[in-house]
Amino acid sequence: MRIARFSIDGNVAFGAVEGEGPDGLVLDIIKGIPYAEFELSGTKVPLSKVRLLPPVLPNKVVAIGRNYAEHAKELGNAVPDVPVAFFKPTTSVIGSGDAIEYPSFSNELHHEAELAVVIGRMCREVPRERVKDVIFGYTCANDVTARDAQKREKQWARAKGFDTSCPLGPWVETDLDPHDLTIQATVNGEQRQLGRTSDMIRSIEDLVVHITEAMTLLPGDVILTGTPAGVGPLHVGDEVAVTIEGIGTLTNKVIKRG
């Protein structure tokens with residue numbers, strides 16, 4: 001099931017996405033929140049009549065760096081012995097169609113297409129065999145990065161945590177095998193990144209186990225699983241799209257901040 005979060009006439013709701021094609025999609029509004037048992041209301045609105053919001057409002061976004069060998073290589077980095085984890089704040093999260101604001105402290109903004117894992121229940125110290133039980137679904141993400149700031153600052157908080165640096169969307173797919181999916185990024189229609197989730201150094205199971213050894217994850221929290229090779233520059237006016245097989249396409253335009 002594809003579950004979107006949206007606003008219409010000033011109200012915010014979740015809905016199940018039904019239909020196919022850009023003109024055939026409708027939202028069946030969900031009663032309640034989707035992390036628990038829920039019912040479909042039967043009230044349907046065309047997707048074209050709503051504004052898509054970030055599909056979740058995470059308490060935290062835990063991101064993993066250098067989880068694809070070719071990406072680590074292209075930036076001159078070794079594959080780490082353990083997963084490299086960092087946080088992106090909730091203020092960095094935007095939805096499909098929202099603008100990425102080019103930060104004033106950077107002259108080298110990069111796209112990073114990623115598969116995002118959405119957590120469905122509170123969990124800590126999750127054993128490998130129970131990882132599936134705590135996952136709500138998957139969505140597309142763009143770990144937008146101020147590469148020059150990342151290079152000059154030892155911590156990545158500013159480089160990867162600035163406002164609008166975490167586009168998520170367009171919705172969450174709850175019925176998906178994430179282990180061998182095509183993931184790609186285009187800029188102004190030109191392909192930049194193309195990889196497969198099977199190329200991850202550490203699997204989704206590895207990452208959930210590793211992260212929950214240290215912290216509790218809450219419903220709606222997000223894990224970014226790393227990006228394949230091909231990252232590159234974004235400029236004001238560019239339109240960047242992240243497409244993942246079985247999920248859909250997350251699209252954002254870059255604007256000048258201010």
Side-chain angles (χ1 to χ4, degrees), residues 1-20 22 24-63 88-98 114-124 126 130-142 166-179 181 197 204-205 207-208 211-212 215-225 242-251:
M1 180 178 288
R2 295 170 292 178
I3 295 179
R5 182 171 161 268
F6 64 95
S7 66
I8 184 171
D9 298 330
N11 298 308
V12 175
F14 289 94
V17 182
E18 301 176 351
E20 298 295 336
L25 296 177
V26 297
L27 292 161
D28 192 337
I29 297 175
I30 289 172
K31 295 180 180 179
I33 58 174
Y35 306 118
E37 293 290 331
F38 65 84
E39 295 181 5
L40 297 176
S41 68
T43 301
K44 299 184 180 184
V45 293
L47 188 67
S48 60
K49 299 295 185 182
V50 308
R51 179 192 170 199
L52 283 178
L53 301 174
V56 291
L57 281 180
N59 174 271
K60 53 187 170 293
V61 177
V62 187
K88 293 175 82 80
T90 57
T91 48
S92 69
V93 175
I94 59 174
S96 189
D98 292 336
E114 309 207 8
L115 175 70
V117 180
V118 179
I119 298 300
R121 63 177 65 179
M122 185 169 69
C123 58
R124 185 179 68 171
V126 180
R130 290 198 56 235
V131 166
K132 272 188 176 181
D133 298 337
V134 306
I135 293 175
F136 175 61
Y138 304 89
T139 192
C140 305
N142 192 346
C166 190
L168 298 174
W171 41 64
V172 177
E173 174 57 71
T174 63
D175 184 17
L176 185 71
D177 182 346
H179 294 98
L181 304 174
T197 57
I204 290 167
E205 289 80 7
L207 299 181
V208 172
I211 292 166
T212 62
M215 69 192 72
T216 300
L217 296 177
L218 302 175
D221 281 351
V222 171
I223 298 172
L224 304 189
T225 58
V242 174
T243 301
I244 300 179
E245 179 184 0
I247 299 176
T249 299
L250 165 70
T251 304

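Counting from 1, the numbers follow the sequence of the chain as shown.
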For the pair Val222 and Val93, evaluate side-chain contact (heavy atoms from CB on, under 4.5 Å) and give the outcome as yes or no after the intermediate values.
CA-CA 11 Å; Val222 171; Val93 175; over 6 Å; no
Thr197 vs Thr225, test: side-chain contact (heavy atoms from CB on, under 4.5 Å). Steps then yes/no.
CA-CA 9 Å; Thr197 57; Thr225 58; over 6 Å; no
Intermediate values then yes/no, side-chain contact (heavy atoms from CB on, under 4.5 Å), Ile135 and Val118:
CA-CA 6 Å; Ile135 293 175; Val118 179; over 6 Å; no
With side-chain contact (heavy atoms from CB on, under 4.5 Å) as the test, would you mind laying out the steps for Leu52 and Leu47 before giving the verdict?
CA-CA 8 Å; Leu52 283 178; Leu47 188 67; 3.8 Å; yes
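Smallest separation of non-hydrogen atoms from Ser96 and Thr251: OG-N, 3.2 Å. Between Pro170 and Ala4, the shortest heavy-atom distance links the atoms O-CB, 4.5 Å. Here the closest non-hydrogen pair linking Phe14 and Pro55 is CE2-O, 3.5 Å. Closest of all the heavy-atom pairs between Ala116 and Ala141 is CB-CB, 3.9 Å.
Pairs of residues two or more places apart, or lying in two chains, never qualify as side chain to side chain donor-acceptor pair (under 3.5 Å) while including a residue from residues 4-15. Pairs of residues two or more places apart, or lying in two chains, that qualify as side chain to side chain donor-acceptor pair (under 3.5 Å) and include a residue from residues 39-63 are Glu18-Lys44, Arg51-Asp98, Lys60-Asp221.
Taking OH of Tyr138 as the reference point, atom CD1 of Ile244 lies at 11.5 Å (rounded to 0.5 Å). Taken to the nearest 0.5 Å, the CG atom of Leu168 stands 7.5 Å off from the CG atom of Leu250. Remark: Leu53 CG to Ile8 CD1 distance equals 11.5 Å, nearest 0.5 Å. The CD1 atom of Ile211 sits 4.0 Å away from the CD1 atom of Ile223 when rounded to the nearest 0.5 Å. The distance from atom CD1 of Ile119 to atom CG of Leu217, rounded to the nearest 0.5 Å, is 5.0 Å.
Glu205 is linked by a side-chain hydrogen bond (donor to acceptor under 3.5 Å, both in side chains) to His179, Ser203, counting only residues two or more places apart in sequence or in another chain. Qualifying salt bridge (charged side-chain N to carboxylate O under 4.0 Å, His left out) partners for Glu37, counting only residues two or more places apart in sequence or in other chains: none. Remark: Thr174 engages Met1, Ile3, Phe136, Val172 in a side-chain contact (heavy atoms from CB on, under 4.5 Å) (not counting sequence neighbours). With sequence neighbours excluded, no residue forms a side-chain hydrogen bond (donor to acceptor under 3.5 Å, both in side chains) with Thr212. Ser92 pairs by the side-chain contact (heavy atoms from CB on, under 4.5 Å) definition with Lys88, Pro89, Ser165, Cys166, not counting sequence neighbours. Arg130 is linked by a salt bridge (charged side-chain N to carboxylate O under 4.0 Å, His left out) to Asp133, counting only residues two or more places apart in sequence or in another chain.
By the neighbour-count criterion of 12 heavy atoms within 6.0 Å, atom CG of Asp175 is sparsely surrounded, having that number or fewer from other residues, nucleotides or ligands. Within a 6.0 Å radius of CE in Met122, no more than 12 heavy atoms belonging to other residues, nucleotides or ligands are found.
Of the possible polar contacts, one joining the Thr139 side chain to the Trp171 backbone as a donor-acceptor pair under 3.5 Å is found. In this structure, the side chain of Asp28 engages the main chain of Gly42 through a donor-acceptor pair within 3.5 Å.
For the pair Leu224/Val62, no side-chain contact is recorded, criterion being any heavy-atom separation below 4.5 Å from C-beta on. Side chains of Tyr35 and Val56 form a contact here, defined as non-hydrogen atoms less than 4.5 Å apart. Between Ile204 and Leu115, the closest side-chain pair of non-hydrogen atoms falls below 4.5 Å. Annotation: side chain of Val208 is in contact with side chain of Val134 (closest heavy-atom distance under 4.5 Å).
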